[in-house]
Amino acid sequence: MRSFTLKVDPLTGEEFYEVYSRGNQILTDALLNKGSSFSEEERNALGLQGLLRPACNDLDHQMLRVVENYSRKTTNLERYINLMSLLDRNETLFYRFLTEHLRELLPIVYTPTVGEACLVMSHITRRYRGVYLSPENIQNIDAIFQSLDRPEIGLMVVTDGERILGLGDLGSDGMGISVGKINLYVAAGGIHPMVSLPVCLDVGTNNQRLLEDPLYLGIRKPRLTGKAYDDFIERFVTGVRRNWPNALVQWEDFAKHNAFRVLRNYQDRLLSFNDDIQGTGATACASLLTAREIRGRPLKDERICIAGMGQAGLGTAHSIAAAMREEGLSEGEIRQRIFAIDQPGLLLENSPGLEEPQKPFAQPRDVAAEWTLEQPGRIGLYDVVKNAGITTLIGVTAVKGLFDEKILGQLAKNSERPVVLALSNPTAQSECTPLEVVRATDGRGLIATGSPFDPVEWNGHSYHASQCNNLYMFPGVGLGVLIAKSMKVTYRMFNAASRTLSSLVTPEQRQQGLLLPGMDQVRKVAAKVALAVAIEARESGLGRRMDDQELEKAIARAQWEPHYYEYRAGRAG
């Protein structure tokens with residue numbers, strides 16, 4: 001049953017909430033609760049007299065209290081718990097705090113601290129958020145969705161918890177990722193929290209630690225696999241289409257063996273995308289487009305090695321290939337410039353264990369016929385960097401220190417301005433640090449990392465690494481798709497988003513070696529990316545026929561700023 005409806009006063013044009021709850025029901029509803037900001041009129045009309053202390057504070061005064069309480073926390077996990085407790089009490093106040101302090105709070109609400117939190121989520125959970133669907137309740141999906149008190153759902157971030165960051169299978173404790181992504185959609189993209197829903201598909205876990213943990217809150221069974229898993233996903237998708245046919249679904253942190261199949265099966269049936277594949281790839285590609293401007297030569301002249309051909313690696317490879325295609329290269333020429341490495345080493349045609357999504361990036365078997373190898377019979381990372389003359393090195397392996405001094409030194413010999421994208425999260429699993437790149441390249445390297453690093457001081461100079469974070473991509477893509485009312489999400493939309501993101505790096509930032517805009521610009525970035533996506537949707541015949549100015553205005557109107565609405569008493573029904 002809905003607890004409120006957003007309405008417009010026909011006389012004054014003011015927006016207000018018509019509220020059907022009363023008393024403590026309102027105070028325990030995080031979307032409705034204003035705490036000390038309820039006016040006297042609202043307290044009288046909504047049965048709140050006697051339940052609140054006398055003072056009436058505005059949002060600015062409440063912020064003072066939030067900042068003071070947050071500053072007392074001494075560890076990142078304590079800060080995370082503090083923020084989630086605020087979210088559970090008062091969503092408007094939480095998003096005001098997050099929006100105004102996004103750069104500081106991003107490492108807390110998302111990587112790397114959210115990974116630490118997910119590892120102990122069953123131990124720190126105070127209050128459930130979102131929807132948990134399992135084989136035990138999937139048959140009731142319609143009733144579950146209809147029981148939500150949200151007027152409408154326009155966005156869902158959905159995980160099955162099998163590949164949480166670089167931490168692996170965390171079962172339903174992975175819900176922290178869905179919650180965190182929704183937080184960022186609201187704070188960075190401006191999508192209203194009342195239309196946003198985190199979802200966990202709890203299909204079990206193969207993590208023995210969780211199965212043996214007496215406090216674990218998820219299904220204590222091995223993961224569904226094969227047809228049983230696919231049937232479960234089908235029932236979920238069918239339920240979404242029945243209840244919210246226009247909602248956007250973001251698939252999040254699925255393991256590789258399921259992620260590509262789910263994306264392929266539903267990208268034309270359901271408005272959906274996979275951020276780990278498409279968002280990561282588009283953001284990494286934007287970094288390389290900026291490096292192209294700094295280097296002063298086309299992307300097609302680079303020799304690129306991608307270490308780690310899971311979702312992120314394959315998504316990055318596809319995005320780079322699309323950019324090279326736009327520069328006029330054929331598929332064969334693209335393959336000669338992108339070298340893909342996974343656990344067995346360089347991917348070669350017809351290699352045992354070569355997976356279907358990896359095949360477009362497997363090299364001909366004779367490519368290394370004349371190469372000198374460190375270990376005969378295996379073509380490792382150093383072999384590729386040296387023999388293929390790699391100028392750009394990308395890591396999505398979650399292997400700390402993979403890009404060692406020897407590899408980075410060889411990269412520095414290959415290029416005057418080598419590019420290193422060490423994209424693995426959290427920080428402790430980054431393939432290398434910015435300091436290691438600066439040392440190995442004598443400050444010539446262009447660097448981006450998945451998690452934030454402090455500036456590096458070296459030989460009297462300060463060097464900055466861009467944070468290659470999907471936050472630059474998914475909020476704008478999601479907003480643009482929803483504003484355009486697109487029927488599906490396409491790779492061309494992500495290509496347009498990559499070009500736009502790179503174009504927002506200023507000449508001054510490029511001079512400093514930065515590959516992406518500052519993190520304090522993410523809300524502006526989201527609006528620009530949304531516009532590019534909406535235009536592409538229109539030009540592809542998938543979105544509304546609005547001109548550029550109309551789309552820009554619609555996006556600006558849709559970007560919600562955290563504030564309190566006036567409440568008026570209403571009757572449900």
Side-chain angles (χ1 to χ4, degrees), residues 281 284-285 288 291-292 295-310 312-314 316-325 327-397 399 401-423 431-432 436-437 440-442 444-446:
C285 185
L288 298 192
R292 178 179 67 182
R295 287 163 152 175
R297 63 175 186 260
L299 190 61
K300 65 183 180 181
D301 287 350
E302 306 303 330
R303 308 276 282 181
I304 298 169
C305 178
I306 303 174
M309 289 302 282
L314 282 163
T316 299
H318 279 292
S319 292
I320 295 170
M324 288 182 169
R325 225 171 270 124
E327 291 186 349
L329 292 188
S330 67
E331 297 306 311
E333 290 169 329
I334 291 171
R335 185 177 296 201
Q336 293 172 6
R337 288 160 175 79
I338 299 177
F339 293 79
I341 289 180
D342 214 44
Q343 289 180 347
L346 180 67
L347 296 186
L348 298 172
E349 290 178 342
N350 304 316
S351 293
L354 186 67
E355 299 176 15
E356 190 64 33
Q358 298 173 336
K359 289 181 179 179
F361 300 100
Q363 293 290 329
R365 296 202 67 84
D366 62 355
V367 72
E370 304 298 324
W371 287 8
T372 301
L373 305 179
E374 285 193 303
Q375 298 178 17
R378 184 183 185 277
I379 308 173
L381 178 58
Y382 177 74
D383 299 317
V384 174
V385 172
K386 181 180 180 180
N387 292 283
I390 296 301
T391 59
T392 295
L393 184 56
I394 302 172
V396 277
T397 63
V399 178
L402 178 65
F403 298 166
D404 59 22
E405 184 178 356
K406 182 178 180 180
I407 288 172
L408 294 174
Q410 182 61 51
L411 187 71
K413 294 176 183 178
N414 296 344
S415 174
E416 179 63 28
R417 298 225 66 179
V419 175
V420 179
L421 307 185
L423 303 184
E431 287 80 8
C432 64
E436 290 166 340
V437 176
T441 65
D442 195 24
R444 295 182 286 111
L446 299 170

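The figures that follow rest on heavy atoms only: side chains count, while hydrogens, waters and symmetry mates do not. When a residue number appears, it is its place in the shown sequence, counting from 1.
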Heavy atoms only: give me the nearest [X]-[Y] pair and the separation to one decimal.
X	Y	result
I304	I320	CD1-CG2, 3.7 Å
L314	M309	CD2-CE, 3.3 Å
V437	G445	CG1-CA, 4.3 Å
A412	A440	CB-O, 3.6 Å
L446	A291	CD1-CB, 4.1 Å
L421	A284	CD1-O, 4.0 Å

Would you check if the side chain of [X] reaches a backbone N or O of [Y] as a donor-acceptor pair within less than 3.5 Å?
X	Y	value
N387	D383	yes
R303	A388	yes
Q363	I338	yes
E327	K300	yes
N414	T391	no
R295	E302	no
D404	I407	yes
R417	R444	yes

For [X], what residues pass the side chain to side chain donor-acceptor pair (under 3.5 Å) criterion, not counting sequence neighbours?
X	value
E405	none
E370	none
S330	E333

- [ ] Could you label the plane-to-plane angle of the H318 and F361 rings as parallel, tilted or perpendicular, counting under 30° as parallel and over 60° as perpendicular?
- [x] perpendicular
- [ ] Applying side chain to side chain contact (heavy atoms under 4.5 Å, CB included), run through L288 and I394 and close with a yes or a no.
- [x] CA-CA 10 Å; L288 298 192; I394 302 172; 4.1 Å; yes
TODO: Go through the structure and list residues passing side-chain contact (heavy atoms from CB on, under 4.5 Å) with Q336, not counting sequence neighbours.
DONE: none
Open item on the list: Run the side-chain contact (heavy atoms from CB on, under 4.5 Å) test against R325 and tell me which residues pass, sequence neighbours left out.
Closed with: A321, A322, E331, I334
Open item on the list: Taking the basic N atoms (NZ, or NE/NH1/NH2) and the acidic carboxylate oxygens, is any pair closer than 4.0 Å for R297 and E416?
Closed with: no
Check whether any side-chain heavy atom of [X] lies under 4.5 Å from a side-chain heavy atom of [Y], and answer yes or no.
X	Y	answer
F403	E436	no
V384	I341	yes
F339	I306	no
C285	T316	no
C432	V420	yes

Task: Distance, nearest 0.5 Å, that separates CD of E355 from CG of D342 - done: 7.0 Å
TODO: Decide yes or no on side chain to side chain contact (heavy atoms under 4.5 Å, CB included) for E431 and V399, but give the supporting numbers first.
DONE: CA-CA 6 Å; E431 287 80 8; V399 178; 5.5 Å; no
Tabulate below the donor-acceptor pairs under 3.5 Å that side-chain atoms of residues 344-354 make, not counting sequence neighbours, or state none.
from: E349; atom 1: OE2; to: R335; atom 2: NH1; distance (Å): 2.7
from: S351; atom 1: OG; to: L348; atom 2: O; distance (Å): 2.8
from: S351; atom 1: OG; to: R365; atom 2: NH1; distance (Å): 3.3

Task: Chi angles and distances behind the side chain to side chain contact (heavy atoms under 4.5 Å, CB included) call for L381, L402 - done: CA-CA 9 Å; L381 178 58; L402 178 65; 3.9 Å; yes
